[in-house]
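Throughout, protein chains are lettered first and strands after them, A, B, ... in sequence-line order, and every chain is numbered starting at 1.
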Number of protein chains: 2
Amino acid sequence: MTRAKNGTRERPTLEAVAKRAGVSRATVSRVVNGSTTVAEPIQEAVRRAVRELGYVPNLAARSLVTQRTDSAALILPETPTRVFSDDPFFHGVIRGVSMELDAADKQLVLLIAGSTAGHDRVERYTMGRHVDGVMFASMHGADPLPAALIRMGIPVMCSGRPLGRATVEVPYVDVDQIGGVVSAVRHLLDSGRKRIATISGPQDMVAGIDRLTGYRQALRDSDRRSIVAIGDFTRESGTVAMRQLLDDDPKLDAVFAASDLMAHGALRALREAGRRVPDDVAVIGFDDIEMARYTEPPLTTVRQPIQQIGREMARQLMRLVAGEEIEPVTMLPTELIIRESA
Amino acid sequence: MTRAKNGTRERPTLEAVAKRAGVSRATVSRVVNGSTTVAEPIQEAVRRAVRELGYVPNLAARSLVTQRTDSAALILPETPTRVFSDDPFFHGVIRGVSMELDAADKQLVLLIAGSTAGHDRVERYTMGRHVDGVMFASMHGADPLPAALIRMGIPVMCSGRPLGRATVEVPYVDVDQIGGVVSAVRHLLDSGRKRIATISGPQDMVAGIDRLTGYRQALRDSDRRSIVAIGDFTRESGTVAMRQLLDDDPKLDAVFAASDLMAHGALRALREAGRRVPDDVAVIGFDDIEMARYTEPPLTTVRQPIQQIGREMARQLMRLVAGEEIEPVTMLPTELIIRESA
DNA sequence: CTGAAAGCGCTAACAG
DNA sequence: CTGTTAGCGCTTTCAG
C-alpha cells in the first residue's frame, strides 16, 4: 500500500529557512529571488539552509503578492481526438508557442477543452488568474471568453480573427487567407479553367469562412459562377464533398479545397470517378502540409506559416504581459506553391 | 494600438462584494462556494453584487489557504513533434486522463517538456504546488522528478514502471507487457517458426526494455536463439531495423516488432527485399493501433488498452489527492489479436 | 545591507 | 444563520 501524503507533510516555508539560517524572512526571499544586495557569506548560509530543508517556494503565495505566475495558457477548444488527428495545425501552433515561451522562460500550460464542462473549467481556470496570459487557437463560433478575459485585464491573443461583434478589441494574428485563396483561384483562371468549384471549410470557423470569401471574391471579378460544397477540414469530408460536387456539375474542371487534407480526400473521389488530375480536373489545396508533396499527383497548395502563427501569438502575448502596447492585428503572408496537380 | 491592461485594472475582491451587498466577507465566501447555510434573500443580494461587479475569485488566494488547486498535471517529457506524431499513444493517454478528470471536475494541465530547460520549468511548476497531483507518461531514463515530488508530499502516478532504483515508492499503472510479448512469440513458435527476430524499442524507455525482456524470456524456454535490432518506436526506425535484421540473418522467418509503427516499417523493408508476409516471414506488432487493420497484410498484434491507462492513472491520482490509499501498481491486461500477418 | 511590518485575497474555525 | 478573527506563504516598502 502506498500512503497518500496528501500535501499535509510539513513543507518548509521561508520562515523555517530564515530561522535555520539565522536571518529574516526578507533576506531569504532576496536570496531566493537572486537579489545581489545581500552579503556573500549570508547568501551562502541561506542557500545551505534552503538545500538542507529542501525548500521550494510556494508559487500560490508568491503570485498572490506579485500578481504574476510566469506561465501562459494555450486553449484548444477541441476534443483530444481532433487535436491529435493528422491535421498538423495544432502541432505547428504548439511548436511555435513552445519555442517562444521557452525562450522567455515561461511555462506553457495547454488546456484542451472539447466539452462544455471543459470550457467552463477553462474559464474558471483562466479567469482565476492561474496564468499571466491566454492564447486561443482554432476557435469555433463566437466564443465570449477572449473578450471576457480582456475585460478582466488578462492579456489575450487569438490565432485567427475572432468571430462576433467585439465589444472590446481582441488582438489576433492571422495569415492572409483571402490573399492566398485569391492567388490560387487566379492561377486556375489563368490556366484557362472554366468551371471552378470549391470545397470549403466549416462555416463556424473563421478559416472556413475566410477561405470561402476569398474564393467568391476571386470569381466575382470573372464571369464564372461559384460551385460550393462544405467540408470540415478532414480528409473524409473532402471525399464526400468532391463526390457531391461531381454530381452537381459533372463538367467542372477545377477545384479549390480549403485544406490539404480535404484536397487529398477529393483526389480519391476524382480517381474513383475516373477523372485525371490535372488533365480533367485541376486541384489546389491549402496549408502545404508535408503530405502534399507525396500525393498522386503532388498538390499545388497555399502555404501558410503555421509555426510562425504560434511564435507570433506568444511573442505578442509576452509584450502584453509586460505592459507594452502592440498592434491589434498581425498578418502573416501566404504563398502559392505550384506542383503538378494544377 | 491595443493598450495592455497588465492585470493592474482593479479587480473586485471579496471585500468589495461584501461591502456592496452589505454583508461580511465570510458570507460572500459561503455563497460563492455554494454553502447552503445562508438565508435565501442574502444569497440573492450577494449574487447580485457578484454579478454587478463581475467578481471572479482569485484562485491563488484560495489555494493558498485551501492547499488545493482542483487541477492535475500530465507531464509529457517529449518534444511537441513526437507528441503529435502518428504514434497514438499520447493521444490515447490524454483522452483517458481527460475523461476521468472531466468526471471529477478537475482541470487537466498538459505540460510538454522536451528540452532540459522545459524539464526544469516543469519541476518548478509542479513543486511549486500549482497542481494537486502529477501524472507522467512516456518517461525516458531514470527521471528523478517523480520521486522528488512524492518526497514533497505531492501525489504522483506514472504510466509504466519508473526506471531506476527508487528511494521512495512511485505508484504506476502499466500493461502486462511481458505477458503480451510472450504470447506473441509463443504464437510464432507454435506455428513452427524457427528463426524469430525482434525489433525492439528504445532501451531508455521501460516499454522498450520490457518488451525485449518478454521476447528473450519466451525464447529462453525454446532452443531458438535471439536476433535483435533496436528501433525507437517510429515507422522509419522499423524499416531500418528490418533491413539490418535481414542482413544479419537472411533466413529469419518471423519478427516481433515492439510497436505497430515499427512493424509497419518492417513490412515495407520485407516487401523491398522480396519476402512475402506471412509465407516467408511472419510479422507481429504491438499496440493494435487503428492502422494495424489496414496494412498489407493486416497485422497480428498485441492489444494494449492505452486509453484505460490514462483513465486508471487519473483515477488513482484522484484517490491519492483525496488522501486514500492505493495499490502501488495497477496492471492492465494485454491481448494477442491474430490477423493475417502471422 | 538587513530586519520589521504590512498586506496580497481568500477560507475556516469560533463565537454570538 | 452571520460576523469576527486569524492566518495561508510570500514580497516589498520603509526604517535603521
Side-chain angles (χ1 to χ4, degrees), chain A residues 6-46 49-50 53-70 124 127-130 132 152-153, chain B residues 6-47 49-50 53-70 124 127-130 132 152-154:
Chain A
N6 194 21
T8 10
R9 140 122 53 164
E10 307 283 306
R11 230 162 67 108
T13 68
L14 258 199
E15 181 83 56
V17 177
K19 195 169 296 174
R20 176 141 193 153
V23 297
S24 73
R25 263 151 59 207
T27 299
V28 177
S29 175
R30 289 188 186 103
V31 173
V32 168
N33 291 293
S35 165
T36 49
T37 68
V38 177
E40 186 47 53
I42 296 200
Q43 284 198 40
E44 189 41 43
V46 170
V50 165
L53 264 36
Y55 169 76
V56 177
N58 180 321
L59 267 24
R62 173 180 290 169
S63 77
L64 184 55
V65 30
T66 60
Q67 305 281 21
R68 290 180 304 97
T69 65
D70 291 319
R124 263 181 284 150
M127 298 273 260
R129 300 205 160 268
H130 258 131
D132 295 340
M152 299 254 39
Chain B
N6 196 19
T8 11
R9 139 124 51 164
E10 306 282 307
R11 230 162 66 108
T13 69
L14 258 199
E15 181 82 55
V17 177
K19 195 169 297 174
R20 175 141 193 155
V23 296
S24 74
R25 261 152 59 208
T27 298
V28 177
S29 175
R30 289 188 186 102
V31 174
V32 169
N33 290 292
S35 165
T36 49
T37 69
V38 177
E40 185 48 53
I42 297 199
Q43 284 199 39
E44 189 40 45
V46 170
R47 269 195 290 268
V50 165
L53 265 38
Y55 169 75
V56 177
N58 180 321
L59 266 23
R62 174 181 289 169
S63 78
L64 184 56
V65 31
T66 60
Q67 305 282 22
R68 289 180 303 97
T69 66
D70 292 316
R124 262 182 283 149
M127 297 273 262
R129 300 205 160 267
H130 258 129
D132 295 340
M152 300 254 39
I154 298 171

(message) Using side-chain heavy atoms (C-beta onward) and a distance below 4.5 Å, is B/Asn58 in contact with A/Leu64?
(response) yes
(message) I want to check one thing: is the phosphate of D/dG9, taken as OP1 and OP2, less than 4.0 Å away from some side-chain N or O of A/Thr13?
(response) no
(message) Nearest whole Å is fine: how far is D/dG9 P from A/Arg25 CZ?
(response) 11 Å
(request) Answer whether the closest heavy-atom distance between the side chains of B/Arg20 and B/Leu53 falls below 4.5 Å. (result) yes
(request) For DNA chain C, note the earliest and the latest nucleotide, 5' to 3', having some atom under 4.0 Å of a heavy atom belonging to chain B. (result) C/dG9 to C/dA13
(request) Could you tell me the separation between the CG atom of B/Leu59 and the OG1 atom of B/Thr66, rounded to the nearest 0.5 Å? (result) 8.5 Å
(request) Report yes if some heavy atom in the side chain of B/Val56 is under 4.5 Å from a heavy atom in the side chain of A/Met152; otherwise report no. (result) yes
(message) Counting the atoms with a prime plus P, OP1 and OP2 as sugar-phosphate, which does B/Ala26 contact under 4.0 Å by heavy atoms, base, sugar-phosphate, or nothing?
(response) base
(request) May I ask you to say what B/Ile42 touches in the nucleic acid, namely base, sugar-phosphate or nothing, with a heavy-atom cut-off under 4.0 Å? (result) sugar-phosphate
(request) Determine to 10° how strongly the helix from C/dC1-D/dG16 to C/dG16-D/dC1 is bent, judged from the axes of its five-pair ends. (result) 40°
(request) Answer yes or no: is there a side-chain heavy-atom contact under 4.5 Å between A/Pro57 and A/Arg62? (result) yes
(message) Could you tell me if the side chain of A/Arg129 sits less than 4.5 Å from the side chain of B/Arg11, heavy atoms only?
(response) yes
(message) In this structure, how many angstroms lie between the P atom of D/dG9 and the CG atom of B/Asn58, rounded?
(response) 17 Å
(message) If you assign each of A/Arg30 and A/Glu15 to its closest nucleotide in DNA chain D, which residue comes earlier from the 5' end?
(response) A/Glu15
